[in-house]
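This structure is a prediction, so every number in the text was calculated from the model and none was measured.
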Amino acid sequence: MQRVASFPWTPGTATGVGSYPGTDVAEALRVVLGECPELPHLPELPARGVGADLVGRTAGLLVDLPVRVEPSGWRFADRPGRDTRRALDHLARDLDVLEELAGGHDGPFKVQVCGPWTLAAAIELRNGQRTLRDPGAVRDLAESLAEGVAGHVAEVRRRLPRATVLLQVDEPGLPAVLAGSVPTASGLTRLRPVEAPVAQETLRRLLERAGDVFGVAHCCARDVPFALLRGAGFGAISVDLSLVPERDDDPVGEAIDAGVGLFLGAVPATDAALPPLAATARPVRELWRRLGFPPARLAEQVVVTPACGLAGASPRYVRDALKRCRDTARMLFEAAD
């Protein structure tokens with residue numbers, strides 16, 4: 001039996017994934033608030049440099065696990081240094097701007113963090129090996145991350161006391177972790193795969209520690225583990241629609257049937273000539289029609305997004321892409337009436 005779910009967003013909603021071009025967080029947030037008023041989010045600006053990238057930004061949240069940048073990437077350090085401070089400074093500045101521009105926001109608001117499995121595959125131990133290689137180190141990282149994310153969510157709530165917080169956990173590296181295709185530090189071999197129940201439980205604990213938040217799992221890669229993410233407790237799954245093949249119809253349908261929302265990336269994330277509006281909406285409609293769900297549920301359960309983060313796009317295209325997401329979501333909503 002299909003379960004009717006209650007979502008924190010209104011039907012016909014669009015939002016962004018996370019990253020934006022440029023270095024001015026106030027300008028980026030104004031764009032988000034203007035183009036995605038039903039579900040805005042805190043933009044990430046990796047162009048600012050060290051500590052503003054996907055891994056470094058979240059690594060700054062780790063409790064008692066300082067990091068530093070090496071030529072090979074992020075690595076655990078003996079004590080906090082300038083790289084950790086940069087990450088924390090970027091985030092503190094972003095939260096100040098968030099409070100200034102959106103402190104009175106009284107609807108859903110999304111923040112994003114890098115997930116534990118993508119972090120474990122990216123951050124090196126002090127000996128240069130990937131954290132993912134050491135199960136004990138992975139457990140320590142996951143526990144530290146859960147504590148840091150809980151603190152971050154609490155701080156966002158303090159800055160936006162009237163908002164409903166959505167926590168997006170970015171796990172682009174999760175399919176490779178599960179498949180055993182993450183290379184070792186030397187690149188000569190691959191790390192052993194992580195068992196799905198272990199990955200699921202780690203993500204579940206992260207959400208539990210975050211408190212009363214609506215969890216969104218983002219994975220802009222092939223082979224999205226829909227069942228695992230649903231089992232971990234995420235209320236929505238965010239994907240690049242162009243990377244979801246028809247062979248995934250069963251797990252996608254099971255997620256929809258269980259009341260899980262879908263954030264569908266239907267608009268290119270880098271500068272492109274956008275087709276007519278109906279052409280943007282067509283893949284979303286085709287997926288829904290193929291799965292056989294009532295058309296009226298589409299606008300309730302689906303949020304339209306860019307395919308991934310917009311850090312590689314031009315500022316002008318960012319506005320065009322977000323407007324296209326909003327117009328597509330509105331069209332899908334109006335067509336369901």
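When only modelled atom types and interatomic distance are considered, D53 and W74 share a side-chain donor-acceptor pair under 3.5 Å. Side chains of E124 and S72: a donor on one and an acceptor on the other come within 3.5 Å. Side-chain contact, T280 with R324: a donor N or O sits under 3.5 Å from an acceptor N or O. For T118 and E171, the side-chain atoms include at least one donor-acceptor pair closer than 3.5 Å.
The shortest side-chain heavy-atom distance between E246 and D249 falls under the 4.5 Å cut-off. A 4.5 Å side-chain heavy-atom check between V224 and L243 finds every atom pair outside the cut-off. The side-chain heavy atoms of V17 and C220, taken from C-beta on, include no pair separated by under 4.5 Å. Under the 4.5 Å side-chain criterion, counting only non-hydrogen atoms from C-beta, T270 is not in contact with L310. Counting heavy atoms from C-beta on, the side chains of F7 and T13 never come closer than 4.5 Å. Contact of the L145 side chain with the V113 side chain is not registered, since no non-hydrogen atoms from C-beta on lie closer than 4.5 Å. Inter-residue side-chain proximity for V239 and F226 is flagged as met; some heavy-atom pair is nearer than 4.5 Å. By the 4.5 Å heavy-atom criterion applied to side chains, T305 and V267 are not counted as neighbours.
Counting only distance, with no hydrogens or angles, the side chain of D271 and the backbone of Y317 share no donor-acceptor pair below 3.5 Å. Judged by distance alone, the side chain of R230 and the main-chain N or O of V260 form no donor-acceptor pair under 3.5 Å. Between the side chain of E38 and the backbone N or O of A14 there is no donor-acceptor pair closer than 3.5 Å. T84 places a side-chain N or O within 3.5 Å of a backbone atom of V67 that can act as its donor or acceptor partner. Although no hydrogens or angles enter the test, the distance criterion places no donor-acceptor pair under 3.5 Å between the side chain of S238 and the main chain of H218. With hydrogens and angles ignored, the 3.5 Å screen pairs a side-chain donor or acceptor of K110 with a backbone N or O of G16. E35 places no side-chain N or O within donor-acceptor distance of the main-chain N or O of R326, the cut-off being under 3.5 Å. A donor-acceptor pair under 3.5 Å links the side-chain atoms of R130 to the main chain of P183, judged by distance alone.
By the 6.0 Å contact criterion, CZ on R126 is enclosed, its count of non-hydrogen atoms from other residues, nucleotides or ligands being greater than 12. Summarising the local packing, CG of D64 is surrounded by 12 or fewer heavy atoms from other residues, nucleotides or ligands at distances under 6.0 Å. Heavy atoms of other residues, nucleotides or ligands lying less than 6.0 angstrom from CZ of R158 number more than 12. Surrounding CZ of R139 are at most 12 heavy atoms belonging to other residues, nucleotides or ligands under 6.0 Å away.
Salt-bridge formation is not detected for the pair R290/E286: no Lys NZ or Arg NE/NH1/NH2 atom is positioned less than 4.0 Å from an Asp or Glu carboxylate oxygen. Using a 4.0 Å cut-off between charged side-chain N and carboxylate O, D327 and R330 make a salt bridge. Salt bridge present: R209 and E143 bring a charged side-chain N and a carboxylate O closer than 4.0 Å. A salt bridge links D83 to R86: at least one charged side-chain nitrogen sits closer than 4.0 Å to a carboxylate oxygen. The existence of a salt bridge linking R68 and E70 is confirmed by a sub-4.0 Å separation between a basic side-chain nitrogen and an acidic carboxylate oxygen.
The minimum heavy-atom distance linking P315 with P21 is given by the pair N-CG, 4.2 Å. Across every non-hydrogen atom of T164 and P8, the tightest pair is CG2-CB, 4.2 Å. Taking every heavy atom of both residues into account, L322 and C36 meet most closely at CD2-SG, 3.9 Å.
Using cut-offs of 30° and 60° for the angle between ring planes, the F293 and W288 rings count as tilted.
Atom CG of D94 is separated from atom CZ of R159 by 10.0 Å, given to the nearest 0.5 angstrom. Note that NE2 of H152 and CG of L91 are 5.0 Å apart. Values are rounded to the nearest 0.5 Å. With values rounded to the nearest 0.5 angstrom, R282 atom CZ is found 11.5 Å from T328 atom OG1.
Residues H41 and Y20 bring their aromatic ring centres within 6.0 Å.
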